[in-house]
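As structure tokens, the structure follows; a few thoughts come after it.
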Amino acid sequence: MPGRKHPSVLITRLVSERPGSSQAAILAELRRCLLDGGVPPGTPIPLDEVAAVFGVSRIPVRESLKTLIGEGLVEHRPNLGYTVAKLTARELHELYLVRGVLEAAALSAAVAAATARDDDTARAAHRNLEEAVRAGDVQAYHRESRSFHLALVAPCGMLRLLGMFEAAWNVTEPLRPMAHVPEAERAQLHSDHDAMLAAFVARDGKALLDAAQAHHRRLQSSLELLPRHTGLFAEPD
């Protein structure tokens, strides 16, 4: 129908089990939608429509969005409302640099503390990632790559460090950077995962850090391949 208003893509992805959802449930569901990569940067977040999905007033939705602003996932501008946050290309590079530093610190401790159970978890995550690569499923690649990296760092047991690492990772998720690089480049990145897993289960800390460093160098190079004309990036000030 001409002139019909289409719902925000965010609204079509939100799931509410019952009216009157708690603020914690609203926050968790909004965060899930932003992190799964299906809601691109710049997407409007209509306050009233989100509130209607959850059967609540604007207040718990607004409070949830304030939390997500603090996490770097949402932006708010006067007269424009809430949107999924955009990054400049420089900010994206910076976040990947931060991730690399934090991951190296976590891996150093993780490889020394890991157990056979941790090896099983890492191998299972690697198999899932392998299937995503083989199937050419970009969304699954994003999801399983994250799971694999988290499986390698989890044994470090340093909760604050792991929290910072995940927070830095989260901010880049709406952009889904690896969805915009050539398939051959993703395959090369996955070859780094092979080397990281082999070093992890061998408890070879130096080889693991060398493989992780090579992986992050390749990631930084991959970011240069991202198209700038998609509208997903913020313009630098």
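Sequence positions, counted from 1, serve as the residue numbers for this chain.
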Steps toward salt bridge (Lys or Arg N to Asp or Glu O under 4.0 Å) verdict (Arg32, Glu29): CA-CA 5 Å; Arg32 180 195 68 79; Glu29 177 60 12; 2.6 Å; yes
Beyond-backbone contact of Asp137 with Gln139, side-chain heavy atoms, under 4.5 angstrom: yes
Check ion pair Arg58-Asp48 (N to O, under 4.0 angstrom): yes
Minimum-distance pair of heavy atoms, taken over all atoms of Leu162 and Ala154: CD1-O, 4.1 Å
Spatial distance of atom CD (Glu166) from atom CG (Leu159) [nearest 0.5 Å]: 10.5 Å
Charged N-O contact under 4.0 Å between Glu173 and Arg146: yes
Close side-chain approach of Val84 to Leu10, heavy-atom, < 4.5 Å: no
Test item: Ser8 side-chain N/O and Pro44 main-chain N/O as donor-acceptor pair under 3.5 Å: yes
Exercise: identify the closest heavy-atom pair between Ala51 and Val61: CA-CG2, 3.8 Å
Distance flag, aromatic centroids of His190 and His215, threshold under 6.0 Å: no
Note, Val50 side chain near Tyr82 side chain (heavy atom, < 4.5 Å): no
Ion pair check, Glu130 and Arg127, cut-off under 4.0 Å: no
Hydrophobic cluster membership, Val101 vs Met164, 4.5 Å side-chain cutoff: no
Check: Leu161 and Val153 side chains under 4.5 Å, non-hydrogen atoms: no
Test salt bridge (Lys or Arg N to Asp or Glu O under 4.0 Å) applied to Arg143 and Asp36, step by step: CA-CA 7 Å; Arg143 182 179 63 250; Asp36 75 3; over 6 Å; no
Residue pair Phe148, His193: steps toward the ring-ring contact (aromatic ring centres under 6.0 Å, His included) verdict: CA-CA 8 Å; Phe148 174 71; His193 295 143; 5.2 Å; yes
Lys/Arg N to Asp/Glu carboxylate O, Glu63 vs Lys66, below 4.0 Å: yes
Full working for side chain to side chain contact (heavy atoms under 4.5 Å, CB included) between Leu34 and Asn170: CA-CA 9 Å; Leu34 298 184; Asn170 286 350; over 6 Å; no
Non-hydrogen side-chain atoms of Ser222 and Met178 separated by less than 4.5 Å: yes
Audit row: Val53, Val15, side chain to side chain contact (heavy atoms under 4.5 Å, CB included) steps and yes/no: CA-CA 8 Å; Val53 169; Val15 176; over 6 Å; no
No-hydrogen, no-angle side-chain donor-acceptor test under 3.5 Å, His93 and Glu224: yes
Leu189 side chain reached by Tyr141 side chain, heavy atoms, under 4.5 Å: yes
Residues in side chain to side chain donor-acceptor pair (under 3.5 Å) contact with Arg99, at least two apart in sequence or another chain: Thr172
Connected via hydrophobic side-chain network under 4.5 Å: Leu92 and Leu97: no
Shortest non-hydrogen contact between Pro40 and Val9, atoms and distance: CD-CG1, 4.2 Å
pair Ser147-Leu129: side-chain heavy atoms closer than 4.5 Å: no
ILVMFWY cluster, Val138 and Val133 together (side-chain gap under 4.5 Å): no
Closest non-hydrogen atom pair, Ala198 against Val201: O-CG2, 3.4 Å
Distance (rounded to the nearest 0.5 Å) between Leu209 CG and Glu103 CD: 9.5 Å
Chi angles and distances behind the side chain to side chain contact (heavy atoms under 4.5 Å, CB included) call for Phe54, Leu14: CA-CA 9 Å; Phe54 293 106; Leu14 287 173; 4.1 Å; yes
Straight-line distance of Ser145 OG to Leu150 CG, nearest 0.5 Å: 9.0 Å
Asp118 side chain to Thr115 backbone, donor-acceptor under 3.5 Å: yes
Same cluster (ILVMFWY, side-chain, under 4.5 Å), Val98 and Leu107: yes
Over 12 foreign heavy atoms within 6.0 Å of CD, Glu183: no
Distance, nearest 0.5 Å, that separates CD1 of Ile45 from CD1 of Ile11: 9.0 Å
Shortest non-hydrogen separation from Ala211 to Met196 and the atoms involved: CB-CG, 3.7 Å
Atom pair CG (Leu223) and CZ (Arg218), whose distance is rounded to the nearest 0.5 Å: 13.0 Å
Thr43 side chain to Val39 backbone, donor-acceptor under 3.5 Å: no
Side chain proximity check, Arg31 to Leu68, heavy atoms < 4.5 angstrom: yes
Nearest non-hydrogen partners of Gln23 and Pro60, listed with the distance: CG-O, 3.8 Å
OG1-CG distance between Thr83 and Leu73, expressed to the nearest 0.5 angstrom: 11.5 Å
Pair Arg117 + Asp120: basic N to acidic O under 4.0 Å: no
Asp119: salt bridge (Lys or Arg N to Asp or Glu O under 4.0 Å) partners, not counting sequence neighbours: Arg203
From CA spacing to verdict: side chain to side chain contact (heavy atoms under 4.5 Å, CB included), Glu75, Ile69: CA-CA 6 Å; Glu75 294 176 334; Ile69 289 172; over 6 Å; no
Side-chain donor-acceptor pair present, Asp194, His126, cut-off under 3.5 Å: yes
Any donor-acceptor pair under 3.5 Å from Gln213 side chain to Asp210 backbone: no
Contacts of type side chain to side chain donor-acceptor pair (under 3.5 Å), residue His180, not counting sequence neighbours: none
